[in-house]
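Counting convention: from 1, in listed order, for ligands and their atoms alike.
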Amino acid sequence: MEIVTILWSLGAAVAIVMAAVCGGLWLIEPRDRTTLMLCILGVATAVSAYLEFGMRHSATAAEYGEWLRWYYLPSGLALVSMVLFVHYYLGTGRVWLMYAAIFARSVVVVVNFLVHPNFGFSEIVSLRSVSLFGEQVSAIGVAVSSERQWFAVASMILLIAYLTDAATQRWLKGGWESRRKALAVSLGILVPLLCTTMYGYLLFFGVLQGALSTLPWFLGALLTMAYELGRDVILNRRARLELAEARAQLAQVERISVLGQLASTLAHELAQPLAATSANVDAALTQIGGKKPDLEELSSILRDIGNDHRRASKIINRMRALFKRHSIELKPLSVEDVVQDVALLIRPEATSKHVVLDLLMQPGLPLVFGDRVHLSQVLLNLLMNSLHAVQCRPLDARRITVEARANDAKGEVEVTVKDSGPGIPDSLVDEVFKPFFTTKSEGMGIGLALSRTIIEVHGGRLWFELAAQQDGAVFHFTLRRAAERALNVETHFVSDKNESLVASPPRA
Ligand code: ADP
């Protein structure tokens, strides 16, 4: 096989692979039109390579004319996709100029199929044999060019004017990144376009003798722009990772701050089982040291020690999980488990402030996609805010309710936190989700902003009801359900009055 055939086949193969990769990227992110344009450019480049191959191996002028006529289609498509790529990629340049260039080029392609033998020539009389990389290939020998060709020249001038305008405007925007992009487009598309167009017209008007080819330019532009997009993807990914890391750090700081607020009641909560265990150990030793140890009493003491130990470990484990730095990992999990985790940590604080905490869990709730630590953080934030809000109410009117229900129609689970505090005043409706907004003297003002981000990363929503619609504040958040499970619409009720979190009384 001759070297030209090998090179052009390789070029076409590379273009097809690039088109497939860019097409795949576009299917993943359809809003990014730059990848779609590169996909079209890749296909057009490969088809152009095939048609160039046909022209080069034409035996007669008529055959050559027919290949050339089809050649207008992929080359027109390649030009339009390049112009649109620059438009989406740089976001600069006069739009009317772009549309004028696309329109003119489309006219060339359409008229090309209405005339004979093609847009540029009135007649191709004969072919000549020229050498391309050592291979003898066919090129136009004697031909009569058409007056229409000046329209094609004008369309190329419009195209070059638009690309120059877009690159210049981008360059003038200043900044290293803008200038780098403007330079990439100039060197990758504009300069080769100028060179190829001039070479094409020199061939066309018979000044030069050689084989017509746009493949090196199309392929070069495709690879340069694909490199640019790849670079952008890597930089975006890096920026996203850095943002996620910063968010994880902020979330950890916020969790530690909330746990700091709960520290004294949690320490008290842990001191109780420890004191009870110590007293129970003494009681057990006394029994063993006696003449006739009561084995039943001994086993009951040991059971109590075991229960106290488990309860204290549970609290410590939940706290330890929240102290750790942790990026969001979505897994199927039970909302009820998250609510119970948080209730375990917050209940001592609620009890010390005379707040009744009710948990209303719909039985058979479906699993949701979520991260246990981050969802605990959201719930902890909402409950800490509610605990703070109900402080202004009399002791017997302090109530917080956490409710979880499945919303079958939307395929979600909705969690509601409702309190009997004063609610969110109308004047603050637009403020509370803003970072660093707080009405508390010791508040950081990032709880709600962070919670909303966490829920949005989970694909859910976090919002509150307007004050006019209810007494107190009502916050809702939704989570996508992970799997189907049998649903029972009844709710079951767990009040802190029913659930004992008090350490077992030590034996005398
Ligand atoms: P912080 O708790 O540090 O103030 P947040 O972002 O959690 O930060 O809350 C912002 C503000 O929203 C609070 O300072 C408060 O004014 C208001 N807010 C939040 N939850 C409630 C609630 N349950 N009742 C009344 N106001 C609330």
- Location of contacts on F433 toward ligand 1, heavy atoms closer than 4.0 Å: neither

- Query: For atom 21 (C) of ligand 1, which of I424, L387, D419 has the closest heavy atom?
  - Reply: I424

- among protein heavy atoms, the one nearest atom 24 (N) of ligand 1 is A389 CB, 3.5 Å

- atom 22 (C) of ligand 1: which of G443, S420, A473 has the nearest heavy atom? A473

- Polar contact flag, side-chain donor to acceptor under 3.5 angstrom, E329-H374: no

- Identify whether the distance between the nearest side-chain nitrogen and carboxylate oxygen of K353 and E349 falls below 4.0 Å. yes

- Task: Nearest heavy atom to atom 8 (O) of ligand 1 wins, so pick from G421, P435, G472, G445.
- Result: G445

- Task: Number the atoms of ligand 1 from 1 as they appear, then name those within less than 4.0 Å of a heavy atom of F475, with their elements.
- Result: 20 (N), 23 (N)

- Query: Backbone N or O of A397 within a donor-acceptor pair of the S420 side chain at under 3.5 Å?
  - Reply: yes

- Message: side-chain hydrogen bond (donor to acceptor under 3.5 Å, both in side chains), that's the test. Do R170 and S178 meet it? Break it down for me.
- Response: CA-CA 6 Å; R170 188 73 203 211; S178 277; 3.2 Å; yes

- Message: Test your reading of the model: is there a side-chain donor-acceptor pair from H458 to the backbone of D371, 3.5 Å cut-off?
- Response: yes

- Note on the structure: Among T439, V474, V417, the residue with a heavy atom nearest to atom 14 (O) of ligand 1 is T439

- Message: I'd like to know if the side chain of T478 reaches the main chain of R461, judged simply by a donor and an acceptor atom lying under 3.5 Å from each other, with no hydrogens or angles considered.
- Response: yes

- Message: Strictly distance-based, threshold 3.5 Å: is any side-chain N or O of S257 a donor or acceptor partner for the main-chain N or O of V253?
- Response: no

- Query: Can you tell me if NE2 on H388 sees more than 12 non-hydrogen neighbours from other groups inside 6.0 Å?
  - Reply: no

- Query: Who's the nearest protein heavy-atom neighbour of atom 4 (O) of ligand 1, and how far?
  - Reply: T438 OG1, 2.5 Å

- Considering only protein heavy atoms, which is closest to atom 10 (C) of ligand 1, and at what distance to one decimal place? F437 O, 3.3 Å

- Task: Check if S451 has a non-hydrogen atom at a distance under 4.0 Å from any atom of ligand 1.
- Result: no

- For atom 6 (O) of ligand 1, which candidate among L448, L450, N385, V432 provides the closest heavy atom? L448

- Query: Counting each atom of ligand 1 from 1 as listed, which ones have a heavy atom of M444 under 4.0 Å away?
  - Reply: 3 (O)

- Query: Of the protein's non-hydrogen atoms, which lies at the shortest distance from atom 2 (O) of ligand 1, and what is that distance?
  - Reply: K440 NZ, 2.7 Å

- Item | Flag for E297-Q287: side-chain donor and acceptor within less than 3.5 Å | no

- Task: Using the ring of F369 (Phe, Tyr or Trp, six-membered ring only), decide whether K331 places NZ or CZ under 6.0 Å from its centre and within 45 degrees of its axis.
- Result: no

- For atom 25 (C) of ligand 1, find the nearest protein heavy atom and state the residue, atom name and distance (0.1 Å precision). G423 O, 3.6 Å

- Message: If the cut-off is 4.0 Å to any non-hydrogen atom of G447, which atoms of ligand 1 fall inside it?
- Response: 5 (P), 6 (O), 7 (O), 8 (O)

